[in-house]
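Structure first, then comments.
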Amino acid sequence: MNLGIKQAIAGLVLLGTFGVCCAQHQFASTTSINTSKPGRQESREKAGLNDLLPQLDTARSTATYERLAGSFNKLSASNRKDWLPFYYEAYCHLRLALLTADKKQVDVYCDRASAILSALEQRGDNNTEIMCLQALELSARIRVNVMDRGVAYSTLSNEILEAVIEKDPENPRAWLLRGQNIFNMPDIFGGGKAPAKPYFEAAVACFEKQKNTNLKPRWGHQMANLMLEKCQ
Amino acid sequence: MKKLIIILISLSSFSLSAQNYLTAMSDCLAQLEKAETIQEYTDLALAFERIGIAEKTKWHPYYYQAFCLLVKSFMLKDADSRDNIIDAAEGIIKKAGELGGDKGELSALQARAFQARLSVDPGTRAMQYGPKTTMLLAEARAQNPNNPRVLFLLGQNLLFTPAGFGGGKEKALPLIEQAVEKFNTAPVQDPLAPSWGREEATSLLANAKK
């Protein structure tokens, strides 16, 4: 029985590293490629994002996120310069990590997201939206092992989000995620509804200011409203 | 007779002298040690509440009020009444926190509340309350690694968490051992300080080692 579990874990670790290797390999080959016809490719890719983003807005099921992760992955293959398709693929993996009923899959999805995010970071595409996903990745990983990860990972996630808020106080997702981390903290240690509420209020206010995001990240508005409602 | 005692307690505590407070609390704590029935826990919860109301700034009465309610919640059968009483207990724990109550002790009590919540409907609640309990106690332990009740409950919780998710016997046993050691060595200075858990921890350790 014990051996079985250990083998399963070893298998998962392997799978995880495999995912990382794949994503890094993809990136290694991408940075050296220069697209010859940027104009055409760019317009084709924008059409792609225009089609996919409304689907992402309404996605709920793991099947939809799986499908969208694949579509974003294909888009990024056609234009490796743009950070957005990579970003959205990573976001789909993180949603899957948060949604999956099988906790053993959480790290697998997070590893995929992490490989993409750190590759983006390495090539200098490090903006506050990517930092938000890095914070979300840490929070998602807590699901697997609260005992060993809970305290440390929530601290790290919060540090990233505090940095984002300092850098870009208008980023609504940073306020939302910071609020969710507080909401999930035990009341006795300063968490819960009341301390989280101002963060969701700030998130909603920022979302309402940013009406036209075009193809830039826009997820979280509904969630912020919902969380604020939960705090009333 | 019981009602009379409660009235006496509530009257005496209105006078607010420190000596009366200690006497009223000690009386109730002595009764708590002997309490067995739902009625006794109900009466004691009320008695502690009255001391709390009279004192205004003390957290111990609320701590024990919540404690009594949680014990009672485990004794009730109907799911709704159990949830209602746990709701009440959680509100009181919060109040004790606002009065500056010991965070380790209140975490341990809140962990009990989560356990009570879980036991109302383990099938649908275990996924939520298991990790929630671990998160709470892990945070409590990070802030104060010496509270034996925190160590005991954390160990107990990990004993029922699969090894792949940070639980299992190997993780749980050292915590329960530490808890028992601290139960046996920690000096009890404050007569009102919580002291429960020693027997439970000792017998859990004996069972887990088998």
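A note on names: the letters A, B, ... follow the listed sequences, proteins ahead of strands, and every chain is numbered from 1. Since we're looking at a predicted model, the values are computed, not measured. Values below: all heavy atoms of this structure, side chains included; hydrogens, waters and symmetry mates excluded.
Taking every heavy atom of both residues into account, A:S61 and A:L99 meet most closely at C-CD1, 4.3 Å.
At a cut-off of 3.5 Å, with distance as the only test, a side-chain donor of B:K182 or B:N146 sits close to an acceptor on the other residue. Checked by atom type, the side-chain pair B:E40/B:T37 shows a donor-acceptor distance below 3.5 Å.
The local environment of NZ in A:K74 is sparse, with at most 12 non-hydrogen atoms from other residues, nucleotides or ligands closer than 6.0 Å. The local environment of CZ in B:R141 is sparse, with at most 12 non-hydrogen atoms from other residues, nucleotides or ligands closer than 6.0 Å.
Interface residue B:E139: backbone and side-chain heavy atoms are both found under 4.5 Å from chain A. In this structure, chain A has no heavy atom under 4.5 Å from any part of B:L137. Neither the backbone nor the side chain of B:A96 comes within contact range of chain A, judged by heavy atoms closer than 4.5 Å. In this structure, chain A has no heavy atom under 4.5 Å from any part of B:K132. Of the atoms belonging to B:L136, heavy atoms from both backbone and side chain fall under 4.5 Å from chain A. Contact of B:Q143 with chain A is made through the side chain alone, with heavy-atom distances under 4.5 Å.
No other option in B:A138, B:G97, B:G130 has as many heavy-atom pairs under 4.5 Å with chain A as B:A138. Heavy-atom pairs under 4.5 Å with chain A peak, among B:A140, B:P162, B:G101, B:G168, at B:A140.
Between B:C28 atom SG and B:Q65 atom CD the span is 11.0 Å, to the nearest 0.5 Å. B:D87 contributes atom CG, which lies 4.5 Å from atom CZ of B:R117 (distance to the nearest 0.5 angstrom). Atom CG of B:D78 and atom CD1 of B:I85 lie 11.5 Å apart (nearest 0.5 Å).
Within residues 218-232 of chain A, no residue has any heavy atom less than 4.5 Å from a heavy atom of chain B. Contact residues of residues 144-169 of chain A toward chain B are A:V144, A:N145, A:V146, A:M147, A:D148, A:G150, A:V151, A:S154 (heavy-atom distance under 4.5 Å).
For the pair B:K209 and B:E177, the salt-bridge criterion is met [side-chain N within less than 4.0 Å of a carboxylate O]. Look at B:D43 and B:K72 and you find no salt bridge, because none of the NZ, NE, NH1 or NH2 atoms lies under 4.0 Å from a carboxylate O. We find that B:K94 and B:E90 are not joined by a salt bridge, their nearest charged nitrogen and carboxylate oxygen being 4.0 Å or further apart.
Geometrically, B:K103 does not engage A:F189 in a cation-pi contact, judged by NZ or CZ lying under 6.0 Å from the ring centre and within 45° of the ring axis. Within the cation-pi definition used here (under 6.0 Å to the ring centroid, within 45° of the axis), A:K193 does not qualify as a partner of A:F183.
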